[in-house]
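Remarks on the structure that follows.
Computed over heavy atoms, backbone and side chain alike; hydrogens, waters and symmetry mates excluded. Count residues from 1 along the sequence. Whatever order the structure lists ligands and atoms in, that order sets their numbers, starting from 1.
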Amino acid sequence: MKILVTGGLGFIGSHTVVELQHKGYEVVIIDNLSNSTIEVLDGIAKITGIRPEFHQIDLRDKPAVIQFFKSQPDLQGVIHFAASKAVGESLQKPLLYYENNINTLVYILQQMQAHQISNFIFSSSCTVYGEPDKLPITEEETVKPALSPYGNTKQIGEEIIRDTTHAYPEMKAIALRYFNPIGAHPSAHIGELPNGVPQNLIPFVTQTAIGIREELSVFGDDYPTEDGTAIRDYIHVVDLAQSHVVAMERLLQNKNKSNYEIFNIGTGRGSSVMEIIKAFEKVNKVKLNYKIVDRRPGDVTAVWADTSLAASELGWQSKLTMEDALRDAWKWQQKLDEAEGNKV
Ligand code: WQD
């Protein structure tokens, strides 16, 4: 069984390639290396012993996408990660986000349709819920008007897939709405490679702990939560990767109940920023420099998943803890620094 993973050298994509290979799937990766490096291929091969087939293609290049699918007669499914994903950047460059996240989805779906490839997994996000009315969040929660062009591309993406699977009943799709992916592979051969100054909490935490960043800014401690800091559902990236394999197998084995299904992928537990900081210090026996600053515009108070649908329908639930993820994220950061010659 051969599966295409677009964005397969990215953070979640590379971990998913590893889990697919562990389950015996042949994987072909498309990545344009805009937010990754070719060395990730070596990391994957070090873990599984199998170096995946790789094509450096920018999915905005429609002729190249057409040519690729012509050259791949035995694809059974597609897991589509390739997209720009920085909320803040999307507010400055909306058209880049609409071109890169929407056009490419259309080109992939067109080629799947043309080549009768009927199994599609879409990387969506809890961002589509905005500030939820009720917690924990179920898949029935209303999708709110997006707070950023990035979030809007995920909402539009889900609608494109809804309309496509409605028009072409032979197409089967699952959208996975991720909560907050964190951590790294326990082997420390692959992990998160943030471009420039990290926007997300955990890479900023590990870069502060290792001395690359002076101090972590905690964006607000005046939220209506126990310790005043915002709450998120932090899921280990390996757990998240495994949910993609389970979802793809649901489609390959025709166990889906409709030809478009949506699942929340989280742990079902919320952690505040301060809880993350304290857990990181405890688990890794390091002190973290941080200061409280103003809230970041667009941040929501609290978000965590109701994961009962994924548990009952997919038979999937997270197994690793937030502490496991913080340990693996730190091990990865230390490995990155050794590789760059900055001995800790
Ligand atoms: C987590 C918490 C911040 C950095 C985003 C996207 C979402 C998904 C995951 C792609 C928040 C606080 C952060 C820092 C801080 N990405 N924080 N200091 O915003 O929940 O979700 O990334 O799909 O779509 O929206 O994640 O890691 O940026 O922030 O205090 O330096 O940490 O305020 O409460 P977020 P995050």
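- A salt bridge links R51 with D42: the distance from a Lys NZ or Arg NE/NH1/NH2 to an Asp or Glu carboxylate oxygen falls below 4.0 Å.
- The residues K331 and D328 are annotated as not salt-bridged, no charged nitrogen and carboxylate oxygen being separated by less than 4.0 angstrom.
- For atom 8 (C) of ligand 1, the nearest non-hydrogen atom of the protein is S125 OG, 4.5 Å.
- Residue contacts with ligand 1: Y150 is included, with a non-hydrogen atom under 4.0 Å away.
- Between the side chains of D221 and T229, no donor-acceptor pair of N or O atoms lies under 3.5 Å.
- Closest approach of G268 and T307 over heavy atoms only: N-CG2, 3.7 Å.
- At the top of the distance list for atom 19 (O) of ligand 1, counting protein heavy atoms only, stands R296 NH2, 2.9 Å.
- Residue, atom and distance of the protein heavy atom nearest to atom 12 (C) of ligand 1 are V273 CG2, 3.8 Å.
- Between D133 and K144, the shortest heavy-atom contact is OD1-CE, 3.4 Å.
- Of all protein heavy atoms, the one lying nearest to atom 22 (O) of ligand 1 is N200 ND2, 3.0 Å.
- Using a 4.0 Å cut-off between a side-chain N of Lys or Arg and a carboxylate O of Asp or Glu, E338 and K335 do not qualify as a salt bridge.
- Ligand 1 places these atoms under 4.0 Å from at least one heavy atom of L216: 31 (O).
- Contacts between Q199 and ligand 1 below 4.0 angstrom, taking non-hydrogen atoms only, involve the backbone exclusively.
- Which of F179, F219, F204, Y290 comes nearest to atom 4 (C) of ligand 1 through a heavy atom is settled by distance: it is F219.
- Contact annotation for T229 and ligand 1: no heavy atom of the residue comes within less than 4.0 Å of the ligand.
- Listed here is the closest heavy atom pair of L288 and E281: N-OE2, 2.8 Å.
- Evaluated by nearest non-hydrogen atom to atom 9 (C) of ligand 1, the leading choice among V87, I12, D221, N180 is N180.
- At the shortest separation from atom 7 (C) of ligand 1 among protein heavy atoms lies T127 OG1, 3.4 Å.
- At the top of the distance list for atom 2 (C) of ligand 1, counting protein heavy atoms only, stands Y234 OH, 3.5 Å.
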- I would like to know whether H244 and F81 meet ring pair (Phe, Tyr, Trp, His ring centres under 6.0 Å); could you show each step before the answer? CA-CA 11 Å; H244 290 77; F81 292 101; 4.9 Å; yes
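- Shown in contact with D299 at under 4.0 Å from a heavy atom are these atoms of ligand 1, numbered in order with element: 3 (C), 33 (O).
- Of all the heavy atoms in R327 and N284, the pair that sits closest is CA-OD1, 3.6 Å.
- In this structure, F280 has its ring center closer than 6.0 angstrom to the ring center of W330.
- Of the heavy atoms in S217, only backbone atoms (N, CA, C, O) come closer than 4.0 Å to ligand 1.
- At a heavy-atom distance under 4.0 Å, atoms from both the backbone and the side chain of L201 approach ligand 1.
- Of all atoms in ligand 1, numbered sequentially from 1 with element shown, those under 4.0 Å from a heavy atom of V218 are 30 (O).
- A salt bridge is absent between E249 and K255: the closest approach of a Lys/Arg side-chain nitrogen to an acidic carboxylate oxygen does not fall below 4.0 angstrom.
- Under a 4.0 Å heavy-atom criterion, F11 is not in contact with ligand 1.
- Between R295 and P224, the shortest heavy-atom contact is NH2-CD, 4.3 Å.
- Shortest contact from atom 34 (O) of ligand 1 to any protein heavy atom: A230 CB, 3.3 Å.
- Of all protein heavy atoms, the one lying nearest to atom 11 (C) of ligand 1 is R232 NH2, 3.9 Å.
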